[in-house]
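Worksheet: one structure, shown below.
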Amino acid sequence: MPSGPPAEPPEELTSPLAYEGVWRFTAPALEASVPQARHAVRDLLAEQCVPVAAAIMDGLLLIVSELVTNAVRHAALLSPQIAVQVNLGANWLRVAVEDDHPYRPKALEADQGDLGGRGLWLVKTLTAEVGGKCGVEHTGNGGKAIWAELPLTPPVTSPPLLL
């Protein structure tokens with residue numbers, strides 16, 4: 001029986017992929033930050049050559065827009081700056097929007113005539129449709145971070161049975 005240290009796993013199994021990592025940027029809590037944040041996330045994923053499926057990218061960019069819009073509309077008074085953080089793993093990505101307002105919002109289904117109020121419900125729905133998850137966490141400074149974690153590719157679904 002051989003003795004000594006255990007064999008090292010092959011390097012390709014332990015090394016992170018080139019695009020794995022964490023990126024964070026801040027922006028003023030202004031309406032102009034909504035498209036800027038969306039473009040920054042899209043450009044980051046392109047620059048890092050992240051293999052994100054088009055269907056996931058579309059939902060992700062809508063999620064970023066909704067989360068930044070909510071921070072701008074509802075937290076700007078107590079949070080003149082917001083932060084957007086993108087975490088990239090081998091098969092997933094997570095985007096979080098952080099502000100300094102302590103209120104933790106809940107996803108509501110708005111009535112048909114309502115002009116707003118569906119943002120977090122939409123985030124929750126888009127995330128669930130692709131097998132992701134989302135949530136709200138308290139931050140160390142008393143604010144919150146609302147996040148969504150998505151796979152890089154949509155789940156494989158079985159075609160409907162034809163009878």
Side-chain angles (χ1 to χ4, degrees), residues 14-48 50-53 55-155:
T14 59
S15 298
L17 296 172
Y19 59 81
E20 289 184 82
V22 178
W23 290 263
R24 183 178 175 90
F25 58 90
T26 59
L30 302 171
E31 288 291 329
S33 295
V34 176
Q36 290 172 352
R38 187 176 57 247
H39 294 151
V41 169
R42 183 197 62 211
D43 294 348
L44 169 68
L45 297 177
E47 289 168 9
Q48 296 301 316
V50 180
V52 60
I56 299 294
M57 179 69 88
D58 292 343
L60 170 67
L61 296 178
L62 184 52
I63 288 169
V64 170
S65 292
E66 291 297 332
L67 294 181
V68 174
T69 296
N70 283 348
V72 167
R73 287 188 182 159
H74 303 294
L77 185 62
L78 296 178
S79 185
Q81 288 275 349
I82 60 169
V84 177
Q85 183 166 309
V86 179
N87 296 47
L88 296 171
N91 300 310
W92 56 270
L93 60 85
R94 176 178 164 143
V95 63
V97 175
E98 184 179 320
D99 62 60
D100 293 335
H101 198 291
Y103 175 72
R104 291 172 53 124
K106 298 199 181 344
L108 303 173
E109 290 190 44
D111 292 331
Q112 192 172 16
D114 292 344
L115 296 177
R118 294 182 182 90
L120 288 178
W121 175 82
L122 184 58
V123 168
K124 190 175 179 182
T125 300
L126 288 169
T127 303
E129 283 178 354
V130 296
K133 53 189 173 181
C134 59
V136 180
E137 297 172 349
H138 287 290
T139 60
N141 63 355
K144 66 186 165 302
I146 304 175
W147 56 270
E149 188 172 297
L150 309 170
L152 294 180
T153 57

* Structure fact -> dist Leu44:CG -> Tyr19:OH (nearest 0.5 Å) comes out at 12.5 Å

* Between Trp92 and Ile56, is any pair of side-chain heavy atoms under 4.5 Å apart? -> no

* Are any of the side-chain heavy atoms of Val97 and Val68 separated by less than 4.5 Å? -> yes

* Work out which heavy atom in His101 is nearest to a heavy atom in His74; give both atom names and the distance. => CD2-O, 3.7 Å

* **Smallest separation among heavy atoms of Leu152 and Gly89, with atom names** => CD1-O, 4.1 Å

* Structure fact -> residues 55-72 vs side chain to side chain donor-acceptor pair (under 3.5 Å), sequence neighbours excluded, gives Arg38-Ser65

* Asked: Quick one: are Leu120 and Cys134 in side-chain contact, heavy atoms under 4.5 Å?
  -> no

* Heavy-atom pair with the smallest gap, counting every atom of Ile82 and Ala71 -> CG2-CB, 3.7 Å

* Which value, rounded to the nearest 0.5 Å, describes the distance between Gln36 atom CD and Asp43 atom CG? -> 11.5 Å

* Whether over 12 other heavy atoms sit under 6.0 Å from Asn91 CG -> no

* Which residue, Asp100, Asp99, Thr139, forms the side-chain hydrogen bond (donor to acceptor under 3.5 Å, both in side chains) with Lys144? -> Asp99

* **Point-to-point distance, once rounded to the nearest 0.5 Å, from NZ of Lys124 to NZ of Lys133** => 15.0 Å

* Looking only at heavy atoms, what is the nearest atom pair of Ala37 and Val84, with distance? -> CB-CG2, 4.3 Å

* Asked: Do the non-hydrogen side-chain atoms of Leu45 and Val41 ever get within less than 4.5 Å of each other?
  -> yes

* Spacing of Gln81 atom CD and Leu30 atom CG [to the nearest 0.5 Å] -> 8.5 Å

* To do: Check whether any side-chain heavy atom of Leu60 sits under 4.5 Å from a side-chain heavy atom of Val52, and report yes or no.
  => no

* Asked: Between atom CD of Gln48 and atom CD of Glu20, what is the distance when rounded to the nearest 0.5 Å?
  -> 11.0 Å

* Structure fact -> Separation between CG (Leu122) and CD1 (Ile63), nearest 0.5 Å, reads 7.5 Å

* Nearest heavy-atom neighbours spanning Pro28 and Ser33 -> O-OG, 2.6 Å

* For Thr153 and Pro51, work out which heavy atoms get closest and say how close. => CG2-O, 4.4 Å

